2 protein chains.
Amino acid sequence: MENVRELFHTMTKRLGLLDRNCCTVGGIELSLVQSHILYEIDRMNEPSMQQVADALAIDITTFSRQIQTLVKMNLVKKTPYPQDRRVYILSLTPEGKYVTAKIDAEVNEYLGEVFSHMSEFERETVLRSIRLLNECMAKSSVCCKPLF
Amino acid sequence: MENVRELFHTMTKRLGLLDRNCCTVGGIELSLVQSHILYEIDRMNEPSMQQVADALAIDITTFSRQIQTLVKMNLVKKTPYPQDRRVYILSLTPEGKYVTAKIDAEVNEYLGEVFSHMSEFERETVLRSIRLLNECMAKSSVCCKPLF
DNA sequence: CCTTTTATTTGTAATATGCAAATATTTATT
DNA sequence: AATAAATATTTGCATATTACAAATAAAAGG
């Protein structure tokens, strides 16, 4: 199957770099992990700690401390969940929303630039390919299946 | 541009998980970073410390210590470079080669399984898409350009 | 020669990680 | 209802990772 792994390796390396370069907003500097946490919280619907940690495959104890940091930075809010008092619901503060949106815009701008080197047809093909790849990864029993 | 970032986010998250799950060979447990270092050393031609660190965009001081660990684990060999005595050439020990090959096989097996959920045509399309994407990222001035 | 640049290592301090155990609360079982 | 088992989250602790600044050593330039 030729150099498939190299293809993927190159891609993830570059996308990872892009991701890393998009972690600074104004005066605030985030780690990659922190930026991913904000992204997930924004995307999920009133998630609990455990749910976000699972979605990111981060150990819950590490996650707990990361959240403490993000709360101190005033980017994340922890709300006790009345129906189950063991649980905390996570949400973004206005500042957290702003930062997350800013990062999102930056990533999208970069991706837009990358796609600007393609024709409309190529762009559609690439996006369809990634969608298909994601579906197949979800189907696969080897790795991602149990989590997503 | 729709949910492009989400598409990429999902993909990199899953590929990252796959990568993480492929770091244990026999009794040896590697961190993700260490597995990437072995991969790069294997791929590059008699690289120096600096070259590998640059390729992986790892800070050279961090890299230096990672290499010390890998040398202690008997996976990597550092050879002084006669033409420039500041430089060390990195290579894999037989054990390092074995571990690297094993990881490679495991990753490829997983990728093969993912692709098994596609038709031949889809598979070709996806691989062509990733190749194209890599080319366009290389062209882009926003992020990866200077490094690769 | 002497200064500057480059490759690598070490000092040090901050941060991240994850296992084990603690705490609090809910659910299940008797 | 009382007790046991399960779940969500936090802390203790030991280790690993990270990166800036400075040290060392060798090469290159003037």
Side-chain angles (χ1 to χ4, degrees), chain A residues 13 16-17 19-21 23-24 28-38 40-41 44-73 75-91 146-147, chain B residues 13 16-17 19-21 23-24 28-38 40-41 44-73 75-91 146-147:
Chain A
K13 190 162 71 172
L17 266 179
D19 228 9
R20 266 199 260 172
N21 287 341
C23 287
T24 304
I28 301 169
E29 184 127 355
L30 295 173
S31 74
L32 193 56
V33 170
Q34 287 167 342
S35 122
H36 287 168
I37 291 174
L38 295 184
E40 281 300 340
I41 293 175
M44 296 173 82
N45 185 247
E46 310 207 328
S48 71
M49 305 262 301
Q50 194 63 248
Q51 285 171 329
V52 181
D54 284 348
L56 292 167
I58 298 175
D59 183 274
I60 185 67
T61 70
T62 303
F63 185 78
S64 172
R65 282 181 249 255
Q66 287 285 4
I67 290 296
Q68 286 170 33
T69 307
L70 288 168
V71 166
K72 271 191 207 115
M73 292 167 85
L75 299 174
V76 166
K77 201 174 104 186
K78 273 170 69 176
T79 312
Y81 182 61
Q83 278 80 6
D84 184 337
R85 281 157 57 205
R86 293 168 299 181
V87 173
Y88 285 95
I89 298 297
L90 298 175
S91 58
L147 275 170
Chain B
K13 190 164 69 172
L17 265 179
D19 229 8
R20 264 199 262 170
N21 286 343
C23 286
T24 303
I28 301 169
E29 184 126 355
L30 295 173
S31 73
L32 193 56
V33 171
Q34 288 168 343
S35 123
H36 286 169
I37 291 174
L38 295 184
E40 281 300 339
I41 293 176
M44 296 173 82
N45 185 247
E46 309 209 329
S48 72
M49 304 261 304
Q50 195 64 248
Q51 286 171 329
V52 180
D54 284 348
L56 291 167
I58 300 176
D59 182 273
I60 184 67
T61 71
T62 301
F63 185 77
S64 172
R65 279 182 248 254
Q66 288 283 4
I67 290 296
Q68 286 170 33
T69 306
L70 290 169
V71 167
K72 270 192 209 115
M73 292 167 87
L75 300 174
V76 167
K77 201 174 104 186
K78 273 169 69 176
T79 311
Y81 182 59
Q83 277 82 7
D84 184 338
R85 280 157 56 205
R86 292 169 301 183
V87 173
Y88 284 95
I89 299 296
L90 298 176
S91 58
L147 276 171

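Residue numbering restarts at 1 for every chain, and letters A, B, ... go by the order of the sequence lines. Just so it is clear, the model here is predicted, and its values are computed rather than measured.
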Please write out the pairs of protein N or O atoms and N or O atoms of nucleotides 17-20 of chain C separated by less than 3.5 Å, giving the distance to one decimal.
| residue | atom | partner | partner atom | Å |
| --- | --- | --- | --- | --- |
| dT17(C) | OP2 | Q66(A) | NE2 | 3.2 |
| dG18(C) | OP2 | T62(A) | OG1 | 3.3 |
| dG18(C) | N7 | T61(A) | OG1 | 3.3 |
| dG18(C) | O6 | R65(A) | NH2 | 2.8 |
| dC19(C) | N4 | T61(A) | OG1 | 3.1 |

Name the pairs: protein N/O against N/O of nucleotides 2-5 of chain C, kept only if under 3.5 Å.
none

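Once rounded to the nearest 0.5 Å, the distance linking CG of L56(B) with CD of E40(B) reads 4.5 Å. Atom OG of S64(A) sits about 10.5 Å away from atom CD of Q50(A), to the nearest 0.5 Å.
Atom CZ of F63(A) is surrounded by more than 12 heavy atoms from other residues, nucleotides or ligands within 6.0 Å.
Within the 4.5 Å cutoff, no side-chain heavy atoms of V87(A) are placed close to those of M49(A). For the pair Q66(B) and I37(B), the minimum side-chain heavy-atom distance is below 4.5 Å. At a threshold of 4.5 Å between non-hydrogen side-chain atoms, the residues T79(B) and E46(B) do not count as touching. Between L70(B) and I41(B) there is no side-chain heavy-atom pair separated by less than 4.5 Å.
Position along DNA chain D of the nearest nucleotide to M49(A) versus T69(B) favours M49(A) as the more 5'-ward residue.
In this structure, Y88(B) reaches the sugar-phosphate backbone alone: every heavy-atom distance under 4.0 Å involves primed, P, OP1 or OP2 atoms, never a base.
Between L17(B) and A57(A), the shortest heavy-atom contact is CD2-CB, 3.8 Å.
The phosphate of dT11(D) has OP1 or OP2 within less than 4.0 Å of a side-chain N or O from Q68(A).
The side chain of V87(B) sits closest to dA7(C) out of dT9(D), dT17(D), dA7(C). Closest approach to the R85(A) side chain among dT25(C), dT10(C), dA27(D) is made by dT25(C) (side chain taken as heavy atoms from C-beta onward).
Spacing between atom CD of Q83(A) and atom P of dT27(C) amounts to 11 Å, rounded to whole angstrom units. Taking atom CG on L32(A) and atom C1' on dT17(D), their separation rounds to 14 Å, with Å as the unit. Protein atom CG of D84(A) is 6 Å distant from nucleotide atom P of dT27(C), rounded to whole Å. In this structure, the NZ atom of K72(A) is 10 Å from the P atom of dT15(C), given to the nearest Å. Atom CD in Q51(A) sits roughly 14 Å away from atom P in dT7(D) (whole-Å rounding). For H36(B) and dT17(D), the NE2 to P distance is 14 Å, given to the nearest whole Å. If you measure from atom CD1 of I60(B) to atom P of dT10(C), you get 13 Å, rounded to the nearest angstrom. Summarising the geometry, the separation between CD on E29(A) and P on dA19(D) is reported as 11 Å, rounded to the nearest angstrom.
Taking the side chain to side chain donor-acceptor pair (under 3.5 Å) definition, one finds that T24(B) meets it with nothing, sequence neighbours left out.
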